[in-house]
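First the structure, in the form of structure tokens, and then the observations on it.
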Protein chains: 2
Amino acid sequence: MLFRRPSIISRKEVAKLAGVSEATVSRVLNNVGPMKEETRERVLLAAAELGYVPNALAQQFARRKSGNIGVILPFVPKVHLFSTYYFSEILSGIGETAKRCGYDLLLIFREPDEARDYAKLFRTQKIDACIVLGSQNVPEERAALAELKAGGFPFCLVNQRYDEEQYATVDADHITGSMAVVRHLVERGRRKVAFVNGPAQYSNSADRLQGYKAALQEAGIPFRQQLVYTGNYSRKSGYELAEQIAKQIRDGSIDAVFAANDRMAIGLMQGLRELALEAGQHYALVGYDDSDGSRIISPRLSTVSVPFYEMGKLAAASLLDQARGDETDPLRQHVLPVSLVPRETS
Amino acid sequence: MLFRRPSIISRKEVAKLAGVSEATVSRVLNNVGPMKEETRERVLLAAAELGYVPNALAQQFARRKSGNIGVILPFVPKVHLFSTYYFSEILSGIGETAKRCGYDLLLIFREPDEARDYAKLFRTQKIDACIVLGSQNVPEERAALAELKAGGFPFCLVNQRYDEEQYATVDADHITGSMAVVRHLVERGRRKVAFVNGPAQYSNSADRLQGYKAALQEAGIPFRQQLVYTGNYSRKSGYELAEQIAKQIRDGSIDAVFAANDRMAIGLMQGLRELALEAGQHYALVGYDDSDGSRIISPRLSTVSVPFYEMGKLAAASLLDQARGDETDPLRQHVLPVSLVPRETS
DNA sequence: TGCCATAATGTACGCGTGTACATTAAATTA
DNA sequence: TAATTTAATGTACACGCGTACATTATGGCA
């Protein structure tokens, strides 16, 4: 293996060695226009001989395309607010599709208090398209997304929708999922189903509430506001609701709890255990996400499985269609099915 | 908010509006060379007026720097082999430092059976430096890393070291961590400490074994090969060892287990529970990583806390020093301390 | 054979920036 | 004041690639 300064080898050297013009080298490598087979081979041979690798920066510049998909995600180290499983699965899904289409992933951490100038990423040409994870319905975010839309930049939201505005979206069917949970509980004879929801700035929370209400109505159970609690999707927030909920379990006004994610369900479960109330015994419990934790805890937590990986794949695919103009409806709202996973707590 | 094709605004328009040459605009924006304050203001004003944003692709091309740090990580969707917590923490740490230094993160998923041409990423100029996560000591990987080193490309490994070759590394002190675990168990009166290790291609595994042995020796307990098991860091692999280990617990040849990570510890714990053996009661158990799961499971798992976030930060910092030539020892092997977290299982 | 369509290749230039070097303006010094 | 330095700015070009257009080779057809 001989050593050689790699950076000095450009199209020019290949052209010289192959005895053709630089344009021909370019055409061969990009497979554009008609060309003589013999020339093609000579160029490829020369390129291989020299170990030529096209300069991606020059390519990007000349093509006016970065070839990058931006992935915007919340910056939450040490804060176990979101399921890390959630992100890594979605990210893997995005990565799989992106790679297949020749795109790279540019990771962008959104900082809580920072201006969310997503459009700038496009204006600088750093990214050709982007996927927004963990989007929250707050004013700065809405402004940032509106600017993206106004600029005609292709982007896609995962797990969040906005009622005010139409955006390309990939989401899971949390309404149906939540209905399935409540139905399941009702089928098991529970009729006093409490609901521990997440913050309102996530459309997920609203969806789950809607599903919860719909299923209650379907079962002829009146909705009661005092059975609805709000946490922030963290385990701690679930834990902290234990005392209040314990009281209601004891006085008979709650016989089941549906928590909007596993983390809160687990926190609640632990809190209630400290108060001598066992899930699956003194009350039924169902979480949401089918996270690792739901399988680890005992009794094993009933939950709802969400196809995060597929959502990531779909988001990337839809985005790239959009960027290519292949997507018939650029504001398509994809909704993937979820599935109930009954286990020991219900 | 007026609409305007953003892409047509380049340095040229700014120069014209400010009444200066393009070079002056460039100098003002890059703050290079002496310049009249009045000119500076005029240029900045013009830039702001036009909403000028430099084209990052052109900058990268002209500077011959992508401004990207590559992060190579294993592609393991649906395979909960690694702790996803591990990756998200390290990634956040890297991202924090990178952003502070004006770098972006380019995510690269390593596929199992794919050629690992890390050097190509540098040759194409897609990245200026890179961090390798989840590196395994296998021939292709060694070759890829050796090529990086030979090419003089700045890179850094996290959580993996190679004995054959010196590379810049950020690792945690798993030898001391493992010793602390065994000491802890011995202090609690355990003397028959089994060890469930991970695969040998991770230096982490070797480190833990070394610490295990050292602590046994320190306590005057002879090392016995039949107390050493090997899993693959997955929960399942821990679960599957339950039967064998149960036997040894029952016949008195094991009274404690040290598992090389929490996932295996948890799997084992669940497996043993099915065999009517309870952690913290019939045997002591200590895991490693201080993952979410360790806090979720009951009884809560004793474990070792690893500063993943800090490791990510340090890796990025050391890498950027290296790239700038500020690092005195470009092959520096950082080792961060870990800490024992005794909980209910020991 | 001559003409034309098409294949194959070369020439030339743009992409937007950074920057070396040239030039001019201003400040300093003799 | 003239000479000299230094500040400030302009001119010109490279960076490596894609590609429109020009040019030349090739083959088909009358």
Side-chain angles (χ1 to χ4, degrees), chain A residues 5-44 46-47 50-68 102 120-126 128, chain B residues 5-47 50-68 102 120 122-126 128:
Chain A
R5 283 290 309 118
S7 57
I8 60 161
I9 289 171
S10 74
R11 199 176 61 173
K12 196 201 293 192
E13 285 74 38
V14 178
K16 193 190 290 178
L17 180 60
V20 296
S21 73
E22 290 191 49
T24 298
V25 175
S26 185
R27 278 187 291 252
V28 167
L29 295 178
N30 293 337
N31 203 27
V32 56
M35 66 194 82
K36 213 189 286 180
E37 179 58 22
E38 187 252 328
T39 310
R40 215 181 78 86
E41 283 167 8
R42 226 178 40 245
V43 168
L44 292 177
L50 295 172
Y52 169 70
V53 181
N55 181 325
L57 297 183
Q59 287 183 318
Q60 291 168 5
F61 176 52
R63 293 178 177 142
R64 279 170 287 276
K65 293 258 174 208
S66 68
N68 291 151
K120 190 169 182 180
L121 295 164
F122 284 94
R123 284 195 241 276
T124 60
Q125 313 251 55
K126 275 193 178 180
D128 300 332
Chain B
R5 284 291 309 120
S7 57
I8 60 160
I9 289 172
S10 73
R11 196 175 63 173
K12 196 201 293 191
E13 285 75 40
V14 177
K16 191 189 292 178
L17 181 60
V20 298
S21 73
E22 289 191 50
T24 297
V25 174
S26 185
R27 278 188 291 251
V28 167
L29 296 177
N30 293 336
N31 202 26
V32 55
M35 65 194 83
K36 214 191 282 179
E37 178 58 21
E38 188 251 330
T39 309
R40 215 180 78 86
E41 282 167 8
R42 223 173 49 241
V43 169
L44 292 177
L45 198 71
L50 294 172
Y52 169 70
V53 181
N55 182 325
L57 297 183
Q59 288 182 317
Q60 292 167 5
F61 176 51
R63 292 177 178 145
R64 278 169 286 275
K65 293 257 174 208
S66 68
N68 291 152
K120 190 170 182 179
F122 285 93
R123 287 196 240 277
T124 61
Q125 313 252 57
K126 275 193 178 179
D128 300 331

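Order of the sequence lines sets the chain letters (A, B, ...), proteins ahead of strands, with each chain counted from 1.
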Measure from CE on B:Met35 to P on D:dT9 and round the result to the nearest Å.
8 Å

Sole candidate of B:Leu29, B:Val43, B:Leu44 that passes side chain to side chain contact (heavy atoms under 4.5 Å, CB included) when paired with B:Tyr52
B:Leu29

With a 4.0 Å cut-off, would you call B:Glu13 and B:Lys16 a salt bridge?
no

Heavy atoms only, 4.0 Å cut-off, all strands: where does A:Val32 land among base, sugar-phosphate and nothing?
nothing

Any donor-acceptor pair under 3.5 Å from B:Arg40 side chain to B:Val28 backbone
no

Which of these nucleotides, D:dA7, C:dG16, C:dA8, is closest to any side-chain atom of A:Thr39?
C:dA8

For a quick check of understanding: with a heavy-atom distance under 4.0 Å over all strands, which category does B:Arg64 fall into, base, sugar-phosphate or nothing?
sugar-phosphate

From C:dA8, D:dG18, C:dG16, nucleotide with atom closest to A:Lys36 side chain
C:dA8

Measuring from the side chain of A:Gln59 (C-beta onward, heavy atoms only), which nucleotide among D:dT19, D:dC17, C:dT17 has the closest atom?
D:dC17

Between D:dA12, D:dC17, C:dT17, which nucleotide has the shortest distance from any of its atoms to the side chain of B:Ala23?
D:dA12

Under 4.0 Å: is that the gap between some side-chain N or O of A:Asn55 and OP1 or OP2 of D:dC15?
no

Assess whether one donor atom and one acceptor atom, taken from the side chain of A:Arg11 and the base of D:dG18, lie less than 3.5 Å apart.
yes

B:Tyr52 side chain near C:dT17 phosphate (N/O to OP1/OP2, under 4.0 Å):
yes

Expressed as a whole number of angstroms, how long is the span from A:Arg123:CZ to C:dG16:C1'?
18 Å

May I ask you to verify whether the side chain of B:Arg27 and the base of D:dG10 hold a donor-acceptor pair under 3.5 Å?
yes

Calculate, to the nearest 0.5 Å, the distance between atoms CG and CG belonging to A:Leu17 and A:Leu50 respectively.
5.0 Å

To the nearest angstrom, the CD-C1' distance between A:Glu22 and D:dC17 comes to 9 Å

Both B:Phe61 and B:Thr24 contact DNA chain D. Taking the nearest nucleotide for each, which residue is further toward the 5' end?
B:Thr24

Has A:Gln60 got a side-chain N or O lying under 4.0 Å from the OP1 or OP2 atom of D:dC17?
no

Does B:Ser21 put a side-chain nitrogen or oxygen below 4.0 Å from OP1 or OP2 of D:dT9?
no

Report yes if the side chains of B:Thr24 and B:Met35 come closer than 4.5 Å at any heavy-atom pair, otherwise no.
no

